[in-house]
J.: 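Dropping the structure in here first, questions after.
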Number of protein chains: 2
Amino acid sequence: MATPQDRQLVEQWRSIQSTYFRTAGAIDRALESRFSIGLTEFEILDLVAESADAACRMKQLGERTPMTQSAMSKVVDRLEKAGLISRHSCEDDRRSLFLELTDAGRALHGEAAVEHRALLKENLA
Amino acid sequence: MATPQDRQLVEQWRSIQSTYFRTAGAIDRALESRFSIGLTEFEILDLVAESADAACRMKQLGERTPMTQSAMSKVVDRLEKAGLISRHSCEDDRRSLFLELTDAGRALHGEAAVEHRALLKENLA
DNA sequence: TCAACTTATATGACACGTCATTGAATGACA
DNA sequence: TGTCATTCAATGACGTGTCATATAAGTTGA
């Protein structure tokens with residue numbers, strides 16, 4: 001029933017879980033305490049910062065993250081309320097929105113990214 | 001600012017996240033639909049099934065999972081309500097509890113474990 | 001051009017996890 | 001033994017994620 005291969009799979013899985021939780025937790029706590037945003041919020045900022053080219057992005061961003069569409073929408077709500085991001089409706093397709101960092105958002109992202117990368121390095125070594 | 005090493009770290013991180021969410025999601029949906037328990041519940045069942053030797057385990061189980069003590073307590077609540085596990089108070093230290101699978105719990109764990117291992121194999125290849 | 005269908009985002013109800021706190025039992029030591 | 005600190009587990013308030021659905025805009029084809 002519990003073959004050696006099974007055990008090895010389970011070990012591998014626990015190791016992934018452990019890395020994931022340790023890393024995500026460390027980043028989340030650091031960003032929360034220094035910048036008052038969570039990991040999820042940062043990840044959206046990071047994606048928006050990356051895709052600097054114009055596009056109707058709300059949708060496309062969704063394809064680059066494991067987040068649900070509905071989760072995305074709520075994260076963007078929070079970021080907008082925090083004044084870090086703005087939604088602009090798309091001329092070609094008024095159902096779509098594209099996102100843009102505000103100046104504050106860009107500044108915060110810059111600093112937070114340093115922290116983020118540092119913690120990744122520390123935890124994924 | 002964005003060194004190649006940074007990009008590589010971020011890529012590695014996204015890959016871990018993706019594997020984690022894909023795998024956890026697949027297992028969770030499968031267990032939910034076939035056995036009406038979630039991944040979290042299964043993981044506790046699995047830990048209890050593993051540590052068949054007697055001990056005041058609630059605490060010790062906590063050390064083997066990234067879950068919070070409070071989360072553990074609530075998961076065990078659900079498992080107990082579902083009749084899959086039972087809490088027994090510990091003679092030596094009446095603050096502690098140890099856990100035991102019920103017959104139903106053992107049976108369900110046996111079947112669910114097969115599914116669990118299969119999905120790990122599929123997703124962690 | 002008007003239905004019927006599809007697509008993009010928002011929203012509400014709900015489930016689950018975390019943090020902070022509580023209650024109870026234990027330990028340490030004057 | 002009496003006090004104070006510590007440890008184990010449970011609980012309530014709260015935040016955030018998911019699913020199902022709503023709303024609005026676009027598409028298709030007779």
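What you are looking at is a predicted structure, and each value in this text was computed from that prediction instead of being measured. Proteins come first, then strands; the chains are lettered A, B, ... in the order of their sequence lines, and each starts at number 1.
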J.: Can you tell me how far C1' of D:dC8 sits from NE2 of B:His88, to the nearest Å?
T.: 18 Å
J.: Measuring only between side-chain heavy atoms, which start at C-beta, is B:Val48 closer than 4.5 Å to B:Ile85?
T.: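 SC-SC contact between B:Val48 and B:Ile85 confirmed.
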J.: Does any part of the side chain of B:Ser51, heavy atoms only, come nearer than 4.5 Å to the side chain of B:Gln60, both counted from C-beta?
T.: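 No - every pair of side-chain heavy atoms lies 4.5 Å or more apart.
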J.: Expressed as a whole number of angstroms, how long is the span from A:Lys59:NZ to C:dT9:C1'?
T.: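 So the two atoms are 11 Å apart, to the nearest Å.
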J.: Could you please name the option among C:dT26, D:dG12, C:dC16 that lies closest to any side-chain atom of B:Ser70?
T.: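 Between C:dT26, D:dG12, C:dC16, the one nearest the side chain of B:Ser70 would be D:dG12.
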J.: Quick one: B:Gln17 CD to D:dG17 P, roughly how many Å, whole number?
T.: 13 Å
J.: Would you say A:Arg94 places a side-chain N or O within less than 4.0 Å of OP1 or OP2 belonging to D:dA24?
T.: no
J.: Is B:Arg78 touching bases, backbone alone, or none of the nucleic acid, heavy atoms closer than 4.0 Å?
T.: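 Here B:Arg78 touches the backbone only, sparing every base.
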J.: Taking atom P of D:dA10 as reference, at what distance in whole Å does atom CG of B:Leu79 sit?
T.: 13 Å
J.: Between A:Ala71 and A:Arg29, which residue's closest nucleotide on DNA chain C lies nearer the 5′ terminus?
T.: A:Ala71
J.: Between B:Arg95 and C:dG23, is there a contact of a side-chain N or O with OP1 or OP2 at under 4.0 Å?
T.: no
J.: How long is the line joining CG of B:Leu97 and P of C:dA25, in whole Å?
T.: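 Rounding to the nearest Å, CG of B:Leu97 and P of C:dA25 are 12 Å apart.
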J.: Does any non-hydrogen side-chain atom of B:Glu43 lie less than 4.5 Å from one of A:Trp13?
T.: yes
J.: Hey, are B:His116 and B:Asp46 close enough side-chain-wise for a donor-acceptor pair under 3.5 Å?
T.: no
J.: Are any of B:Thr68's side-chain N or O atoms less than 4.0 Å away from OP1 or OP2 of C:dG17?
T.: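 So the side-chain polar atoms of B:Thr68 never come under 4.0 Å of the phosphate oxygens OP1 or OP2 of C:dG17.
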J.: On DNA chain D, check which nucleotide each of A:Glu41 and A:Gln69 is closest to and give me the residue with the more 5' one.
T.: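 Its nearest nucleotide being more 5', the pick is A:Glu41.
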J.: For C:dC16, does OP1 or OP2 lie under 4.0 Å from any side-chain N or O of B:Lys74?
T.: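 False: B:Lys74 side-chain N/O out of range (4.0 Å or more) of C:dC16 OP1/OP2.
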J.: What is the distance, rounded to the nearest whole Å, between atom CD of B:Glu91 and atom C1' of C:dA25?
T.: 15 Å
J.: Any side-chain N or O of A:Arg87 under 4.0 Å from OP1/OP2 of C:dA10?
T.: yes
J.: Atom CG of B:Leu39 to atom P of C:dA15: distance rounded to whole Å?
T.: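 Roughly 19 Å, once rounded to whole Å.
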J.: For A:Glu100 and A:Arg87, run salt bridge (Lys or Arg N to Asp or Glu O under 4.0 Å): C-alpha distance rounded to whole Å, both residues' side-chain angles, the deciding distance at 0.1 Å, then the answer.
T.: CA-CA 7 Å; A:Glu100 211 174 345; A:Arg87 287 188 239 233; over 6 Å; no
J.: Among the nucleotides C:dG17, D:dT11, D:dG26, which one has an atom lying closest to any side-chain atom of B:Ser73?
T.: D:dT11
J.: Rounded to the nearest Å, what distance is computed from the CD atom of residue A:Gln60 to the C1' atom of nucleotide C:dT7?
T.: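 My rounded result for the distance is 14 Å.
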